[in-house]
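Following: one structure in structure tokens, then a few remarks.
Please read all numbers here as calculations on a predicted model, not as lab measurements.
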Amino acid sequence: MTAANRYRMPFILDVDEAARRFARVIAKKRRLAVIPWQMALISLVLRCLPGWLYDRLFARAPRKTRDRGEA
């Protein structure tokens with residue numbers, strides 16, 4: 001799923017580890033979980049940034065191309 005990404009993905013998990021984490025969350029019947037947890041911290045920080053600063057920081061960030069293939 002991430003092979004086409006040309007940008008850094010620092011918190012990527014291998015399939016087995018991701019499956020174990022998903023299973024734990026499901027077994028605990030949690031309504032919300034962010035996996036990996038580091039992404040929750042990053043999301044919190046980014047939401048606190050003023051819009052103009054966020055736009056400036058990420059204006060040149062690489063974008064993932066959309067697959068326009070048939071479903």
Side-chain angles (χ1 to χ4, degrees):
M1 289 175 55
T2 59
N5 294 351
R6 297 183 318 237
Y7 46 84
R8 195 168 162 260
M9 295 175 287
F11 306 119
I12 197 159
L13 301 170
D14 67 49
V15 175
D16 293 330
E17 178 61 21
R20 279 191 292 277
R21 292 182 189 196
F22 296 155
R24 270 193 303 243
V25 168
I26 292 167
K28 291 179 181 180
K29 298 182 180 180
R30 291 183 50 190
R31 293 177 58 148
L32 175 67
V34 180
I35 299 172
W37 64 268
Q38 294 93 333
M39 291 305 297
L41 293 177
I42 290 171
S43 175
L44 178 65
V45 169
L46 293 178
R47 283 190 309 240
C48 292
L49 291 177
W52 65 268
L53 181 56
Y54 179 92
D55 291 343
R56 185 156 188 184
L57 290 172
F58 294 99
R60 294 189 186 145
R63 306 268 186 243
K64 186 171 184 173
T65 57
R66 293 185 179 260
D67 181 17
R68 302 231 182 243
E70 295 180 19

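- When the side chains of ILVMFWY residues are joined at heavy-atom separations under 4.5 Å, either directly or via intervening members, Ile35 and Val15 end up in two distinct hydrophobic clusters.
- Phe22 and Leu13 end up in the same hydrophobic cluster when Ile, Leu, Val, Met, Phe, Trp and Tyr side chains are linked at under 4.5 Å.
- Side chains of Met39 and Ile42 form a contact here, defined as non-hydrogen atoms less than 4.5 Å apart.
- As a member of the Ile/Leu/Val/Met/Phe/Trp/Tyr network built from side-chain separations under 4.5 Å, Ile26 groups with nothing else and remains a singleton.
- Note that CG of Leu57 and CG of Leu49 are 6.5 Å apart. Values are rounded to the nearest 0.5 Å.
- Shown here are the side chain to side chain contact (heavy atoms under 4.5 Å, CB included) partners of Pro10, two or more places apart in sequence or in another chain: Arg8.
- Judged as a salt bridge (charged side-chain N to carboxylate O under 4.0 Å, His left out), and not counting sequence neighbours, the contacts of Arg20 are Glu17.
- With sequence neighbours left out, Arg47 forms a side chain to side chain contact (heavy atoms under 4.5 Å, CB included) with Ser43, Leu44.
- Hydrophobic clustering (side-chain heavy atoms under 4.5 Å, transitive across Ile, Leu, Val, Met, Phe, Trp, Tyr) keeps Leu53 apart from Val45.
- Taking the side chain to side chain contact (heavy atoms under 4.5 Å, CB included) definition, one finds that Ala33 meets it with Val25, Arg30, sequence neighbours left out.
- For Ala61, the side chain to side chain contact (heavy atoms under 4.5 Å, CB included) test picks out Phe58, Arg63, with sequence neighbours left out.
- Grouping the Ile, Leu, Val, Met, Phe, Trp and Tyr side chains by contacts below 4.5 angstrom, directly or via other members, places Trp37 apart from Phe11.
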